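Atoms considered below: every heavy atom in the structure, side chains included; atoms not considered: hydrogens, waters and symmetry mates. Just so you know, these numbers come straight off a predicted model, no measurement behind them. Every chain is numbered from 1, with letters handed out A, B, ... down the list of sequences.
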2 protein chains.
Amino acid sequence: MGWRFRWTEAHRGRSRTLSGMARIEDVAALAGVSVGTVSNVLNRPQAVTPKTRARVETAIAELGYLPNESARALVSGRSRTVGLVVPDVTNPFFADLARGAEEVADKHDVVVMLYNSAESPERELRYLGHLETQRVQGILATPVNPGGQAVEALIKRGTPVVLLDRGQASRTVCSVAVDHRAGGRLAATHLTEIGHRRIAFVGGPLSVPGVAERLDGARSAVDHSDILLETIETPSLTVAAGREAATTLVRRPARERPTAVFCANDLLALGVLQTVAREGLRVPEDLAIVGYDDIEFAAAAAVPLTSVRQPREQLGRVAAELLFEEINDPSRHGHRQVVFQPDLVVRTSSAG
Amino acid sequence: MGWRFRWTEAHRGRSRTLSGMARIEDVAALAGVSVGTVSNVLNRPQAVTPKTRARVETAIAELGYLPNESARALVSGRSRTVGLVVPDVTNPFFADLARGAEEVADKHDVVVMLYNSAESPERELRYLGHLETQRVQGILATPVNPGGQAVEALIKRGTPVVLLDRGQASRTVCSVAVDHRAGGRLAATHLTEIGHRRIAFVGGPLSVPGVAERLDGARSAVDHSDILLETIETPSLTVAAGREAATTLVRRPARERPTAVFCANDLLALGVLQTVAREGLRVPEDLAIVGYDDIEFAAAAAVPLTSVRQPREQLGRVAAELLFEEINDPSRHGHRQVVFQPDLVVRTSSAG
DNA sequence: GATGAGTGATGTAACGATTCAATAACCAGG
DNA sequence: CCTGGTTATTGAATCGTTACATCACTCATC
């Protein structure tokens, strides 16, 4: 049968010239064994004689052979990756979260693909689709719109998902979140306790559930009191948005100004702090500031920022652990909604 | 031939029960066409009649079919991803860089896998290996040790690489970097011009080429003068390291203290700023501070930080563009070493 | 009504690995 | 030196796509 010979020749020719990358067959040929044996060396080393194993390993080293993950994934039906979709990589809160998740994934010999949805539903959809297309083992996501059907569809088609920081009450999926209502209450209570009677909440968009919850918590803390809580909604949760919000604040005459602001995250708070300081107001004497997340830069600000601390890395770790639990034992797995309680870290920006 | 029938049955059975995920064959069956046609709809829509195309698209939607990237990558030999390896995702400088790269990759319909080597050569090696097993189209990397052979081997085996921020002079590879010597000179010159005679360089480890270059540049600016430049080497480029370095500084009696510090990056500078302020020193009156990178938090610090600005996102963008140039036209591609000139952004922390 | 050009759909080898049933090699014991 | 029972290795089927060489139409032309 001539065809087999021809095929083999063409095959080798292509491989040598075009790709340069060794295949398992090349290793087998060099070591004088079958491809099955090479595969065994790779995946079940104890099943092969030390002598042949050594020979194969030499060949592998000599050719610089690295197995093709695509082929592996094709056979096994799953790639060795999980996806992580966050709304803003440049927000240190999410960077820390990613670090926590990465740590756990490492232990499971899985790599984390990090995607930045930039709060855009379109990008999020594209990225989730891409992850599914990659047949990732599972996905950790902070969905832009947690009520959306994108995640539901994903789960229905069989990809395990853990919701991060924006879990809804749904029992159909695991989630890890922080009680933002409690966080908001904590912040507002603190400000009232140190004597503030006029407080502004700076944050937005309010369509982001976590933000609305923080506001809600703050409101619940001042309900049935004479304390004034106004809302300044921002278009995003960035330093720039904080600067803008502060600009409108400092323009007001002093007696129409709140004496304290509670910001929906630390980026906003830093923006507010910066503008307020530049305009000559003293923090906390003229304006007290409380942030949220307790990112590292909160403490590092020259007026160290009081902030509601979230267990940032732990959130990522626990989420990843839940995900791997579901991946590795889907039948025994029951969906859980983990809710952490935040706590308040008082620093100079709201000191007495 | 009975075997073909048996095979088909078993095949379908597995797919239905175990995976739930539709295959191209399922789509073909539902639409009443061949798999080839479905593939055409997916990849060359113009080659198929509108009528059949519509039928296939309906079937795709109905089944929620998503092509298996592993299989695609296997056939084409390349996945639709590029890798990005950075030494510290939690450093906003690298987060911005990643954003720039992502932007360009998006245009090429390629996704960026982000890896965090955490300055560990072992992790870096693992990640580079992983990227190679994934047969990524190319890699953007800020290698821990740019002189190492890891990158060389990668290139030799055919994966295009662009060195980011830590390019050596090598002509065998593209690189995008900033002239850190010039940056160091800029910072030191500025400090001397506003009258400082005793300056400390805070940064490390000095084995990181960029750090050593910044120091070198600073030295060249004070050479042949009576200005004292001392070096305080730090174990890392983090806020915490900055705090520690500052602690040793503020303990000294005032007359043995530098009047200005030049930090190898903004994280260090923020750490220094924080500690120094907490210990009651005024910035810039008692101690002027200059950072490096000009991350967003530099401007947002309550004592806004003078910093040497790198074109952060642009670095990522240009690097990605070079990479895609090499990927899409390897023969015409010539390796280039792009070097940006940094500039100094003077803010309060070193004002007069 | 047969011919041929041109277009659209089909069928199948190939991508590079894993897996597992079948076979070969080995080694004691008689 | 053969036999039986392990253990080590082999070979082929398989994963889900793509690409491309065939094959099947359709429709204008003579």
| field | ring pair (Phe, Tyr, Trp, His ring centres under 6.0 Å) against A/Y115, all qualifying residues, sequence neighbours excluded | value |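 In terms of ring pair (Phe, Tyr, Trp, His ring centres under 6.0 Å), with neighbours along the sequence ignored, A/Y115 is linked to A/Y127.
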| Around atom CG of A/D109, are there more than 12 heavy atoms of other residues, nucleotides or ligands at under 6.0 Å? |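 No, because the 6.0 Å sphere around CG of A/D109 holds 12 heavy atoms or fewer from other groups.
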| field | D/dT18 OP1/OP2 closer than 4.0 Å to side-chain N/O of B/R44 | value |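 False: B/R44 side-chain N/O out of range (4.0 Å or more) of D/dT18 OP1/OP2.
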Just how far, in rounded Å, is [atom2] of [N] from [atom1] of [X]?
| X | N | atom1 | atom2 | value |
| --- | --- | --- | --- | --- |
| B/D26 | D/dC15 | CG | P | 12 Å |
| B/R72 | D/dG16 | CZ | C1' | 11 Å |
| A/M21 | C/dA17 | CE | C1' | 15 Å |
| B/R78 | D/dT18 | CZ | P | 18 Å |
| A/L42 | C/dT19 | CG | P | 11 Å |
| B/R23 | D/dC15 | CZ | P | 7 Å |
| B/E25 | D/dC15 | CD | P | 9 Å |
| A/Y65 | C/dT18 | OH | C1' | 10 Å |

Partners meeting salt bridge (Lys or Arg N to Asp or Glu O under 4.0 Å) with [X] (sequence neighbours left out):
| X | result |
| --- | --- |
| B/E132 | B/R157 |
| B/R55 | none |
| B/R53 | none |
| B/R123 | A/E102 |

[X], nearest nucleotide to its side chain (from [options]):
| X | options | answer |
| --- | --- | --- |
| A/A71 | D/dG16, D/dC20, C/dA17 | C/dA17 |
| A/S39 | C/dT19, D/dA19, D/dT18 | C/dT19 |
| A/N43 | C/dT18, C/dT19, C/dA17 | C/dT18 |
| B/I24 | D/dT18, C/dC15, C/dT18 | D/dT18 |
| A/R135 | C/dA17, D/dT18, D/dT17 | D/dT17 |

Measure all distances between protein nitrogen or oxygen atoms and nitrogen or oxygen atoms of nucleotides 4-9 of chain C, and list the pairs falling under 3.5 Å.
residue: C/dG8; atom: O3'; partner: B/T49; partner atom: OG1; Å: 2.8
residue: C/dA9; atom: OP1; partner: B/T49; partner atom: OG1; Å: 3.3
residue: C/dA9; atom: OP1; partner: B/T52; partner atom: OG1; Å: 2.6
residue: C/dA9; atom: OP2; partner: B/T49; partner atom: N; Å: 3.2

| request: May I ask you to decide whether A/R166 forms a salt bridge with A/E119, counting only side-chain N to carboxylate O separations under 4.0 Å? | output: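 Salt bridge flag = yes for A/E119 with A/R166.
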| field | ring pair (Phe, Tyr, Trp, His ring centres under 6.0 Å): pairs with one or both residues in residues 37-67 of chain A, sequence neighbours excluded | value |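 Sorted result for residues 37-67 of chain A: empty, none.
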| Any ring pair (Phe, Tyr, Trp, His ring centres under 6.0 Å) pairs touching residues 313-334 of chain B, not counting sequence neighbours? |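 Sorted result for residues 313-334 of chain B: B/H108-B/F324, B/H333-B/H335.
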| Given A/V161, which of A/L131, A/V151, A/L140 fulfils the side chain to side chain contact (heavy atoms under 4.5 Å, CB included) condition? |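 When A/L131, A/V151, A/L140 are each tested with A/V161, the side chain to side chain contact (heavy atoms under 4.5 Å, CB included) holds only for A/V151.
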| What salt bridge (charged side-chain N to carboxylate O under 4.0 Å, His left out) pairs are there with at least one residue in residues 65-89 of chain B, not counting sequence neighbours? |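 Qualifying pairs, neighbours excluded: B/E69-B/R72, B/E69-B/R80.
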| field | Nearest-nucleotide 5' precedence on DNA chain C, B/L74 against B/G32 | value |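 Its nucleotide being nearer the 5' end, the pick is B/G32.
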Using atom names, set out every protein N or O paired with an N or O of nucleotides 21-27 of chain D below 3.5 Å, distance rounded to 0.1 Å.
none

| request: Can you pull out how bent the helix from C/dG1-D/dC30 to C/dG30-D/dC1 is, comparing the axes over its first five and last five pairs, to 10°? | output: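 Here the local axes at opposite ends form an angle of 60°.
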| field | Residue pairs involving residues 34-49 of chain B (criterion side chain to side chain donor-acceptor pair (under 3.5 Å); sequence neighbours excluded) | value |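 Of all non-adjacent pairs touching residues 34-49 of chain B, those that pass side chain to side chain donor-acceptor pair (under 3.5 Å) are B/S34-B/T37, B/S39-B/N43, B/N40-B/R44.
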